[in-house]
Amino acid sequence: MAARAIVVLWLILALVAIASGGASAQLSSGFYSRSCPGMLKAVRSALHPAIARERRVGASIVRLFFHDCFVQGCDASLLLDDAPGLRGEKNATPNKNSARGFEVIDAVKAAVEGCCPGVVSCADILAIAAEESVVFLGGPSWEVKMGRRDSTTASFNGAENNIPPPTSGLANLTSLFAAQGLSQKDMVALSGAHTIGLARCTNFRDHIYNDTNIDAGFARSRQSGCPRATGSGDNNLAPLDLETPTVFENDYYKNLVQKRGLLHSDQELFNGGAADALVREYVGSQSAFFKDFVEGMIKMGDITPLTGSNGQIRMNCRRIN
């Protein structure tokens, strides 16, 4: 009887393992090779001109992918507008007046629909657009796994609670990434996406006025465009990477060792803690950063995707069919 019980338990554990890994296992880089061979060309036809017009858009799209995957998985739930019976994620604190690039994703979706209607999900379009944005701005490329389907739900509460706020300390950052199956190494590497893009004054005000782990000259330079009083200049922008905010490279980490991280959460990666050594490694080796960033992006793209008959292929990324 004991032996039989052990066999039954082993089978149960095996089935659980298959179930937990099955969804991401259904993703593949060649998913649309037959059903939509012109997909990548269509994506680039709409995306590349948009980034060329405003390079910040590339950073915005990478951020959309991150904020989407951290809330009920990479399912394009972030792209849904509020609707009767559906409270979307766009007005949650991490996204309100902040998440942007939705119109570009709409244009990319329209281009893809033009060559193969009803085939490619919005979730996959966001995933490939994030990779294409990184490459366009000078970063590494990778084979994006596809086959995700789109959600018919969104989670406002998930957006409120799962996405690390800019006030996060190292422990909170590590914990929130771990909740998504991502390691501290993944967290430090993926934070390197802040080598591109801009942030609003409201998100870095406390750091430049109240924190001590910041270069004094850098703090003063940022204070000139971000008044101390809450409500004054909240939407004023500053580059996350002081030197090259439209080029994807490792200068972000060089800023951190000089105590020139714009956000509190940025500087927490180099503040006498467990992440310091990895930051120093990325300062010394851009190739090491690129390698770990790619691994992190692939892992993040595997977070609980909808596959098979789950979800749907939205015709319009902003609303369910």
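Atoms considered below: every heavy atom in the structure, side chains included; atoms not considered: hydrogens, waters and symmetry mates.
- Proximity of a side-chain donor or acceptor of Ser168 to a complementary backbone N or O of Pro165 within less than 3.5 Å is detected.
- Looking only at side-chain heavy atoms (C-beta outward), Lys96 and Lys90 stay at 4.5 Å or farther from each other.
- The shortest side-chain heavy-atom distance between Leu64 and His67 does not fall under the 4.5 Å cut-off.
- Side-chain N or O atoms of Ser175 include none that pairs as donor or acceptor with a backbone N or O of Asn172 at under 3.5 Å.
- Using a distance-only test at 3.5 Å, with no hydrogens or angles considered, a donor-acceptor pair links the side chain of Gln267 to the main chain of Phe270.
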**Item:** Cys226/Asn236 under side-chain contact (heavy atoms from CB on, under 4.5 Å): CA gap, chis, key distance, verdict
**Value:** CA-CA 7 Å; Cys226 181; Asn236 292 354; 5.6 Å; no
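- Side-chain contact check for Val120 versus Ile125: some heavy-atom pair is nearer than 4.5 Å.
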**Message:** side chain to side chain donor-acceptor pair (under 3.5 Å), that's the test. Do Asn97 and Asn235 meet it? Break it down for me.
**Reply:** CA-CA 9 Å; Asn97 300 321; Asn235 292 322; 5.6 Å; no
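- With a 4.5 Å cut-off on side-chain heavy atoms, Asn210 and Arg228 count as touching.
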**Message:** side chain to side chain donor-acceptor pair (under 3.5 Å), that's the test. Do Asp206 and His264 meet it? Break it down for me.
**Reply:** CA-CA 8 Å; Asp206 285 347; His264 176 87; over 6 Å; no
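- A donor-acceptor pair under 3.5 Å is formed between the side chain of Arg149 and the backbone N or O of Gly308.
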**Request:** Before giving the answer on side chain to side chain donor-acceptor pair (under 3.5 Å), spell out for Thr195 and Glu249 the whole-Å C-alpha distance, their side-chain angles and the decisive distance to 0.1 Å.
**Result:** CA-CA 6 Å; Thr195 190; Glu249 24 75 313; 2.8 Å; yes
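- Side-chain atoms of Tyr252 do not come within 3.5 Å of backbone N or O of Pro245 as any donor-acceptor pair.
- Cys201 places a side-chain heavy atom less than 4.5 Å from the side chain of Phe204.
- Between the Asn255 side chain and the Asp241 main chain, no donor and acceptor come within less than 3.5 Å of each other.
- At least one side-chain heavy atom of Val134 sits under 4.5 Å from a side-chain heavy atom of Phe293.
- With hydrogens and angles ignored, the 3.5 Å screen pairs no side-chain donor or acceptor of Asp150 with any backbone N or O of Ile313.
- Classification of the Phe289-Phe248 ring pair by plane angle, with boundaries at 30° and 60°, yields parallel.
- Ring geometry for His48 versus Phe136: interplanar angle of 30 to 60°, hence tilted.
- Within the 4.5 Å cutoff, the side chain of Leu240 has no heavy atoms near those of the Leu198 side chain.
- Applying side-chain contact (heavy atoms from CB on, under 4.5 Å) to Ser151 and the options Ile320, Leu306, Asn310 leaves one that passes, Leu306.
- In this model, Cys115 has its SG atom no nearer than 2.5 Å to the SG atom of Cys36.
- You'll find the side chain of Asp124 reaches within 4.5 Å of the side chain of Tyr32, heavy atoms only.
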